[in-house]
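Take a look at the structure set out below.
Both counts, for ligands and for their atoms, begin at 1 and track the order of listing.
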Amino acid sequence: MQKEKKSSSIRLLLQWAGKEKYWMYLAVILSFFSGICTMIPYYGIYSLMSAVYTGTCTTEFVIRDAGIIAGGIVIRFLLFGASGVASHKGAYRALLKVRCMVIDHMAKVPLGALNERSTGEIKTVLNEDIEKLELFLAHNVPELICYLIGPVVVFIYLLTVNVPLALVSLVPLVLAVFVMCGMFMGASSMMGRANQSVANLNSVMVEYISGMKLIKAYNMGSKSFQKFSAAVKEENDIWNEMSKRMGPFYASFIVVIECGMLLLVPLGGMFFLNGSITASVFLLFAFVGSMHLTEIRPLQEISSNMAQVLKAVTKTEEILELPIYKGGGDFPQAHDIELRNVRFSYDGKVNVLEHCNLKVKDGERMALVGRSGAGKSTVIELISRFYDVQEGEVLIGGKNVKEINYETLLQNIAIVFQKTFLTRDSVFENIRMGSNATLEEVRAAAKEAQIDDFIMSLPDGYDTKVGSFGSRFSGGEKQRIAIARAILKNAPILILDEATSAADPENQVEIDKAIENLCKGKTVIVVAHRLGALKMCNRVAIVENHTITSVGSHDEVRQDNAYYNQAWTDYETARNITYQLEGGADHA
Ligand SMILES: Nc1ncnc2c1ncn2[C@@H]1O[C@H](COP(=O)(O)OP(=O)(O)OP(=O)(O)O)[C@@H](O)[C@H]1O
């Protein structure tokens, strides 16, 4: 079973490598011949010793043998070096391919499936796990072949010289196999725990770095950030446990593999003294017979790497096997949106939405209002098919979103999120987001988003690099960059997830103007976490009690829905207080 898994993982790895696998095959062939060359120096030494003991050693003979020995060593290392070059070339290209495959696949995977995995887990796959594949392809494959073939060829050569002593030279290998079996018994579960602890540490590290502001604000050092120190400790403990468990086996392996001399010197000596072998045969076994197995020492390290590589292949495969939305037709001409008797649950247990109906007309601006946690963001996640409904349908232009090609669907929906994420790239690239838009087009969008003047005032204008996590820009500036992105995308359906939340009184006017430009001629859904965002909408839908309870104009819904009426009464009272305060301040 384990063997089957091993071979299928390696097959999969070669399949991922595509035509780069031919580099690997070349590396294996070169390594194979390098392994064969291992016996050339031994042959040279033996023939020299025979000549010395038989009295046939001449200057020419010594020169010829020295040439054979030196040639064997040089050819061996040249072949091994060439094998390393080929394997590295293949490995790096294969690595690039696998990384691109994983990233491309992740772009097509529904958000829901990715959300179930932590950022750290995905980072571990993209970084450490795929890196382990490089270790295997570039180093382990050629070494494995060379270190296996070398001792096998030497053993065959020893068999041609003396069968009993050649067989005795294998005793350390038999003992080493027992040691290795002991070493790997139960090691796979420990290796699994070790890998898990690395993934966990990565997750916590990503969280720690992303939450740095909060950690500083509450003066939490790495020690008081319990989760972080616990993950570091867990990782440290497991590797300590691993070295405690593996250490004695590793040491025994080294001792056992080098103990050939203990058998071959007395046994060979006995054979020599009773005349059954010549002095040169005795010396050949005393030296070569007891040493040739030391060549396989690195195999032990390779086999422990192997367990990690298999795990890395499995984890990479898990990501590549995440189902993606395939097929589907064109985006419809009409852009009205409908939720028809929708039921949805994130965890399959608690329904966030049930019997939920909503119709948004083509070109209409609909606000979703409701208490925190009511399900407003969930509604937009279903429209943009980040998740699939469990019952009912989500329709755009009368077509079920499941029947629309996923990429086309995403191309035709623009979303401005509450939090704007800026990549570590130029402002220009942050607005055009991988499209082929020219600087003129990007600037035109930025002008409509009321951010062009600000960008032009930056030292490098549109080439200004965004600092890590977009830290150089204020919330309002980031939001207007996000609006410029959406204007440039020019999708017929627009979703604003509280896009005005970062606005302060100074840039509120600019953001309002930017949003007004963005919404022109689009079907718009606004997730209104604050009632102030409603002023731009034609109709309002109330999300409460796991469904949409009321839809209509502001006045209709205010009459019809107690929650909405109360929310407005509270809002107006609060605004009154604000005005009074402002009035008081004026008078002061
Ligand atoms: N990825 C998720 N996995 C599990 N539950 C989730 C997930 N996202 C949201 N929920 C839960 O679904 C419910 C609805 O959440 P949703 O974000 O849609 O509410 P909301 O009305 O947009 O809230 P808010 O106004 O506070 O943003 C909440 O109970 C929330 O805890």
Side-chain angles (χ1 to χ4, degrees), residues 106 109-122 203 206-207 210-211 319 322-323 325 337-339 341-358 360 365-392 394 401 410 413-421 475 478-479 482 493-503 515 524-537 539-551 557 561-564 566-568 570-571 574:
M106 275 169 55
V109 168
L111 194 71
L114 285 182
N115 274 351
E116 282 163 21
R117 285 155 194 273
S118 67
T119 323
E121 197 183 327
I122 294 170
S203 286
V206 170
E207 200 180 312
S210 324
I319 293 211
L322 286 174
Y325 296 142
I337 301 167
E338 184 179 351
L339 267 71
N341 203 20
V342 160
R343 179 177 75 79
F344 175 74
S345 160
Y346 285 101
D347 57 8
K349 292 175 200 149
V350 181
N351 285 339
V352 174
L353 297 172
E354 50 194 9
H355 308 297
C356 181
N357 292 289
L358 175 70
V360 184
R365 296 178 190 178
M366 174 70 80
L368 297 178
V369 178
R371 287 192 174 85
S372 176
K376 303 179 291 292
S377 302
T378 305
V379 169
I380 61 168
E381 284 175 344
L382 295 179
I383 293 169
S384 35
R385 216 183 162 199
F386 288 174
Y387 296 88
D388 272 339
V389 296
Q390 271 101 22
E391 266 174 37
V394 176
V401 286
L410 294 181
I413 299 179
I415 309 176
V416 181
F417 293 101
Q418 235 173 338
K419 267 194 195 165
T420 302
F421 178 75
K478 280 198 256 179
Q479 211 141 35
I493 293 177
L494 178 65
I495 291 169
L496 303 176
D497 189 359
E498 189 63 298
T500 58
S501 63
I515 287 184
V524 185
I525 297 185
V526 179
V527 177
H529 302 272
R530 294 176 313 142
L531 295 179
L534 288 175
K535 55 181 183 265
M536 53 171 292
C537 298
R539 288 202 298 158
V540 180
I542 307 297
V543 187
E544 60 182 349
N545 304 327
H546 310 289
T547 188
I548 290 174
T549 51
S550 193
V551 185
V557 177
N561 186 278
Y563 159 74
Y564 188 65
Q566 188 59 49
W568 267 100
D570 294 346
Y571 180 64

* Can F344 be said to touch ligand 1, with heavy atoms closer than 4.0 Å? -> no

* Do the ring planes of Y346 and Y387 sit parallel (below 30°), tilted (30 to 60°) or perpendicular (above 60°)? -> perpendicular

* Can you list the atoms of ligand 1 that are under 4.0 Å from a heavy atom of R371? -> 21 (O)

* Do the side-chain N and O atoms of T420 and Q479 include a donor-acceptor pair separated by under 3.5 angstrom? -> no

* **Polar side-chain atom of K376 near backbone of G370 as donor-acceptor pair, under 3.5 Å** => yes

* **Nearest candidate to atom 17 (O) of ligand 1, where distance is taken over non-hydrogen atoms, out of S372, S377, A528, G375** => S377

* **Contact with ligand 1 for D347, non-hydrogen, under 4.0 angstrom** => no

* Under 3.5 Å, is there a donor-acceptor pair between the E354 and N341 side chains? -> no

* Atoms of ligand 1 less than 4.0 Å from T378 heavy atoms? -> 14 (C), 15 (O), 16 (P), 18 (O)

* Check each atom of ligand 1 against the heavy atoms of V352 and keep those under 4.0 Å away; list them by number with element. => 12 (O), 13 (C), 14 (C)

* To do: Please determine which of I380, V526, I525 meets the side chain to side chain contact (heavy atoms under 4.5 Å, CB included) test together with L496.
  => V526

* Quick one: which ligand 1 atoms are inside 4.0 Å of a heavy atom on Y387? -> 1 (N)

* **Residue from L358, I495, I383, V401 passing side chain to side chain contact (heavy atoms under 4.5 Å, CB included) with I337** => I383

